[in-house]
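Written out below as structure tokens is the structure these notes cover.
Every heavy atom of this structure was used, including side-chain atoms; hydrogens, water molecules and symmetry mates were not.
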Amino acid sequence: MKVITSSEELKKALLPHYDSKKFIGLVPTMGALHQGHLSLVEKATSENDITVISIFVNPTQFNDPEDLKKYPRTLEADLALLEKANVDIVFAPTVEDVYPTKDTRIFSYPPLDEVMEGKARPGHFNGVCQIVSKLFTLTNPTRAYFGEKDFQQLAIIREMVRTYPFQIEIVGCPIMREKDGLAMSSRNMRLTPIQRTQALNISKTLFSAKEKVDTYTLPSLKVWVENEIKSSEGLDLDYFEIIDGNTLQPIENWQDASYIVGCITVFCGEVRLIDNITLKNNK
């Protein structure tokens, strides 16, 4: 496994693989790896000749400087996990390497980026597209792998690839959960033991909501979920939206879309956690 810290070195390392027309799989991460990331890595290694994992805490997608400062960084542990996973290249650059000058590019994909995270975190998805587009340009992968836990991010990246001159297959991978149901996230390591228990009410509420689809109207289910989270100790609801899974737009009735997803964001203490669940899928 090669660990590469500069863009120029990465280009040189990948050049022979382009010449031999090998399939290259890319898994972009911000590190603090867990089994969810490793499931993406496993799929990438199984479907490609060369697997590249990036580890980079991207400053342009954080609209809260304190959140950027506190984001977990565990490079040595990450590298040990990736070594065991048979990864070929780890790209772990510095901020100065990725952004030698300020990135002033604007990525806008309305209405996908105007709701939920786009509304709650202004500039977040612009920063995501800045770094992902840079990684795509650097690696020119055959396929790139992203988790479905970041449901809105996945949709926006797919839209970026459709509108940009990238010939890349975007592969969405299912949410990985702990045995007790909590969605795996690098941010989970910031939770105290008490908060870790409190956070379980997020997934429990989503699972219960799915069971109520046939007996609740859509607006009443939305209110039920909101009330459940608001009444849960230690949790502070940011938003819960029931959306058309293709357009990401809020809907009012179960008949409004064939693919319906419930997306939630909750603060547990200072830690912001996201999750989602498919409520209906007739596509």
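Asp238 meets the salt bridge (charged side-chain N to carboxylate O under 4.0 Å, His left out) test with Arg272; sequence neighbours excluded. For Lys280, there are no salt bridge (charged side-chain N to carboxylate O under 4.0 Å, His left out) partners two or more places apart in sequence or in a different chain. By the ring-ring contact (aromatic ring centres under 6.0 Å, His included) test, His34 pairs with His37, sequence neighbours left out. When the salt bridge (charged side-chain N to carboxylate O under 4.0 Å, His left out) test is applied to Asp275, the partners found at least two apart in sequence or on another chain are Arg177. By the salt bridge (charged side-chain N to carboxylate O under 4.0 Å, His left out) test, Arg105 pairs with Asp103, sequence neighbours left out.
Applying the ring-ring contact (aromatic ring centres under 6.0 Å, His included) definition to pairs two or more places apart or across chains, those involving residues 41-68 are Phe62-Tyr71. For residues 74-123, every residue pair satisfying the ring-ring contact (aromatic ring centres under 6.0 Å, His included) rule, not counting sequence neighbours, is listed here: Phe107-Tyr164. Applying the salt bridge (charged side-chain N to carboxylate O under 4.0 Å, His left out) test to every pair with at least one member in residues 243-271, sequence neighbours left out, gives these pairs: Lys70-Glu270. Evaluation of the side-chain hydrogen bond (donor to acceptor under 3.5 Å, both in side chains) test over residues 77-87, restricted to residues two or more places apart or in two chains, returns Thr74-Asp78. Screening residues 134-144 for side-chain hydrogen bond (donor to acceptor under 3.5 Å, both in side chains), with sequence neighbours left out, gives Asn48-Arg143, Arg143-Glu169. The salt bridge (charged side-chain N to carboxylate O under 4.0 Å, His left out) pairs that include a residue from residues 20-37 number zero, where partners must be two or more places apart or lie in different chains. Residue pairs meeting the ring-ring contact (aromatic ring centres under 6.0 Å, His included) criterion with at least one partner in residues 134-155, sequence neighbours excluded, are Phe136-Phe166.
Within 6.0 Å of atom CD in Glu42, 12 or fewer heavy atoms from other residues, nucleotides or ligands are found, so the atom counts as exposed in its surroundings.
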Q: Please lay out, stage by stage, how Thr217 and Ser220 fare under the test side chain to side chain donor-acceptor pair (under 3.5 Å).
A: CA-CA 5 Å; Thr217 65; Ser220 64; 2.8 Å; yes
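The closest side-chain donor-acceptor pair between Ser6 and Asp97, if any, does not fall under 3.5 angstrom. Looking only at atom types and distance, the side chain of Thr205 has no donor-acceptor partner in the side chain of Glu228 under 3.5 Å away.
Between Glu76 and Leu79, every side-chain heavy-atom pair lies at or beyond the 4.5 Å cut-off. Within the 4.5 Å cutoff, the side chain of Gln198 has heavy atoms near those of the Gln195 side chain.
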